[in-house]
Amino acid sequence: MAHTLHVLTSASPVPCSRSPPLKHRPFTVFSSTHLRRSIPPLTRRSLSLNASLAVESPSISGSGEAEPLKPLLEVKDLTAVVAESKEELLHGVNLTIYEGEVHAVMGKNGSGKSTFSKVLVGHPDYEVTGGSVIFKGQNLLDMEPDERSHTGLFMSFQSPVAIPGVSNSDFLLMAYNARQAKLGLPELDPIKFYSYIQPKLAALNMDPLFLNRNVNEGFSGGERKRNEILQLSVLEADLAVLDEIDSGLDVDALQDVAKAVNSLLTPKRSILMITHYRRLLDYITPTYIHIMEDGRIVKTGDVSIAQLLEEGGYKALSSTS
């Protein structure tokens with residue numbers, strides 16, 4: 001049960017090779033061969049976020065020199081199979097996410113997007129057969145799901161499961177204190193935790209009575225997605241993997257969720273989003289967009305790639321190769 005709870009509230013990101021900053025350049029699409037090239041150390045830069053939902057840009061040190069970017073997640077040549085059938089679904093994924101970045105993964109159904117996210121968090125349905133995943137300098141693949149969560153990886157699942165008999169308040173308090181204990185930080189009692197969580201509920205326009213309900217039991221699709229982002233807000237993970245958080249949300253709910261996600265971005269925290277639709281990217285603007293096909297990342301570009309997809313579909317991307 002412990003693993004189920006931690007997997008629900010946290011996830012792990014995956015490393016891959018990365019191209020130089022695309023900001024201030026005309027739209028560019030890179031093939032998968034570009035992703036394998038070694039890149040020299042980068043410096044921090046501002047996140048290009050929607051003005052109405054913007055977060056503060058990374059600061060410059062007192063000396064006036066920009067601090068070097070640090071890789072948060074490094075995924076190299078990752079391959080994985082379905083544990084039961086041994087069918088290979090990931091065929092060499094490469095991805096690198098640096099601190100303070102927002103990455104979006106798009107692709108057709110069955111391209112491996114959700115499989116990739118589940119492999120990162122250690123889902124038992126999948127087995128890694130090759131490659132490496134380094135998170136915050138540690139081998140992620142050596143960790144159990146709960147260890148990945150405690151290390152700072154969070155995953156919002158596409159279809160969150162219900163946990164009958166466990167209230168949201170008990171679940172969130174337990175998850176929060178488990179991570180605090182792992183980090184050697186003070187735990188909170190229920191009264192102090194309620195004070196801690198109140199502003200997070202307000203940011204998502206959630207009624208405090210929501211805490212008394214059992215985890216995802218009887219929730220609508222939109223309520224489940226809000227609850228997932230509430231968990232992310234409580235845990236303040238270093239890397240959040242968000243699997244189609246926009247599905248099932250109306251415009252108002254999407255804006256609330258996006259605002260809460262953007263408020264969590266800092267120069268040290270990053271996001272990996274999986275989505276089919278451009279509308280999410282209108283509220284949470286990615287640093288990079290990756291196109292996944294047949295279990296690997298085949299193209300990487302800036303936010304303009306979403307416009308190209310909307311206008312011409314994936315055939316339009318093929319014509320740019």
Ignoring hydrogens, what is the shortest heavy-atom contact between [X] and [Y]? Give both atom names and the distance.
X: Ile134; Y: Asn139; answer: CD1-CA, 4.0 Å
X: Thr129; Y: Ala80; answer: OG1-N, 3.7 Å
X: Ser233; Y: Leu264; answer: CA-CD1, 3.8 Å
X: Val128; Y: Leu78; answer: CG1-CD1, 3.8 Å
X: Leu265; Y: Val102; answer: CD1-CG2, 3.7 Å
X: Ala306; Y: Arg278; answer: CB-CG, 4.0 Å

Answer yes or no: is there a donor N or O on one side and an acceptor on the other, between the side chain of [X] and the main chain of [Y], under 3.5 Å?
X: Arg224; Y: Asn216; answer: yes
X: Glu147; Y: Glu144; answer: yes
X: Asp302; Y: Thr287; answer: no
X: Thr79; Y: His91; answer: no
X: Glu223; Y: Ser220; answer: yes
X: Tyr283; Y: Asn262; answer: no

Ring centres of Phe210 and Phe219 under 6.0 Å apart?
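Yes - the distance between ring centres of Phe210 and Phe219 falls below the 6.0 Å cut-off.
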Does the pair [X]/[Y] count as a salt bridge with the N-to-O cut at 4.0 Å?
X: Glu293; Y: Lys299; value: no
X: Asp256; Y: Arg226; value: yes
X: Glu99; Y: Lys70; value: no
X: Lys268; Y: Asp238; value: no

Euclidean distance, [Y] [atom2] relative to [X] [atom1], rounded to 0.5 Å:
X: Leu141; Y: Arg148; atom1: CG; atom2: CZ; result: 6.0 Å
X: Leu172; Y: Leu211; atom1: CG; atom2: CG; result: 7.0 Å
X: Leu72; Y: Ser270; atom1: CG; atom2: OG; result: 5.0 Å
X: Ile289; Y: Gln307; atom1: CD1; atom2: CD; result: 10.5 Å
X: Thr275; Y: Leu242; atom1: OG1; atom2: CG; result: 10.5 Å
X: Leu89; Y: Tyr126; atom1: CG; atom2: OH; result: 6.5 Å

By the salt bridge (Lys or Arg N to Asp or Glu O under 4.0 Å) test, which pairs, at least two apart or in different chains, include something from residues 240-252?
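Found none.
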Applying the 4.5 Å side-chain criterion to the ILVMFWY set and letting contacts propagate, would [X] and [Y] be lumped into a single cluster?
X: Tyr194; Y: Leu235; answer: yes
X: Val81; Y: Val133; answer: no
X: Val251; Y: Leu204; answer: yes

For Ser247 and Lys225: C-alpha separation, side-chain torsions, deciding distance, then whether side-chain hydrogen bond (donor to acceptor under 3.5 Å, both in side chains) applies.
CA-CA 8 Å; Ser247 65; Lys225 294 302 172 69; 2.6 Å; yes
So does Tyr277 have more than 12 non-hydrogen atoms from other groups sitting under 6.0 Å from OH?
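Check fails, neighbour count at 12 or below.
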Leu185 atom CG, over 12 foreign heavy atoms within 6.0 Å
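Count over threshold, so yes.
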[X] versus [Y]: any side-chain heavy-atom pair under 4.5 Å?
X: Ile291; Y: Ile297; value: no
X: Met292; Y: Val298; value: no
X: Glu127; Y: Val82; value: no
X: Thr151; Y: Met143; value: yes
X: Tyr176; Y: Ile197; value: no
X: Leu281; Y: Met273; value: yes
X: Met106; Y: His276; value: no

Run the side-chain contact (heavy atoms from CB on, under 4.5 Å) check on Asn227 and Gln231 step by step: do they pass?
CA-CA 6 Å; Asn227 202 31; Gln231 293 167 20; 3.8 Å; yes
Have a look at His103 and tell me which of Tyr98, Tyr288, Phe116 forms a ring-ring contact (aromatic ring centres under 6.0 Å, His included) with it.
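By the ring-ring contact (aromatic ring centres under 6.0 Å, His included) criterion, His103 pairs with just one of Tyr98, Tyr288, Phe116: Tyr288.
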For Arg213 and Ser167, what are the C-alpha separation, side-chain angles and deciding distance, and is it a side-chain contact (heavy atoms from CB on, under 4.5 Å)?
CA-CA 5 Å; Arg213 298 172 63 180; Ser167 70; over 6 Å; no
Between Asn212 and Asn168: side-chain donor-acceptor atoms closer than 3.5 Å:
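On atom types as modelled, these side chains do not qualify, holding no pair under 3.5 Å.
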Name all residues meeting the salt bridge (Lys or Arg N to Asp or Glu O under 4.0 Å) criterion together with Glu236; count only those two or more places apart in sequence or in a different chain, and write none if there are none.
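Only Lys200, Arg269 meet the salt bridge (Lys or Arg N to Asp or Glu O under 4.0 Å) criterion with Glu236.
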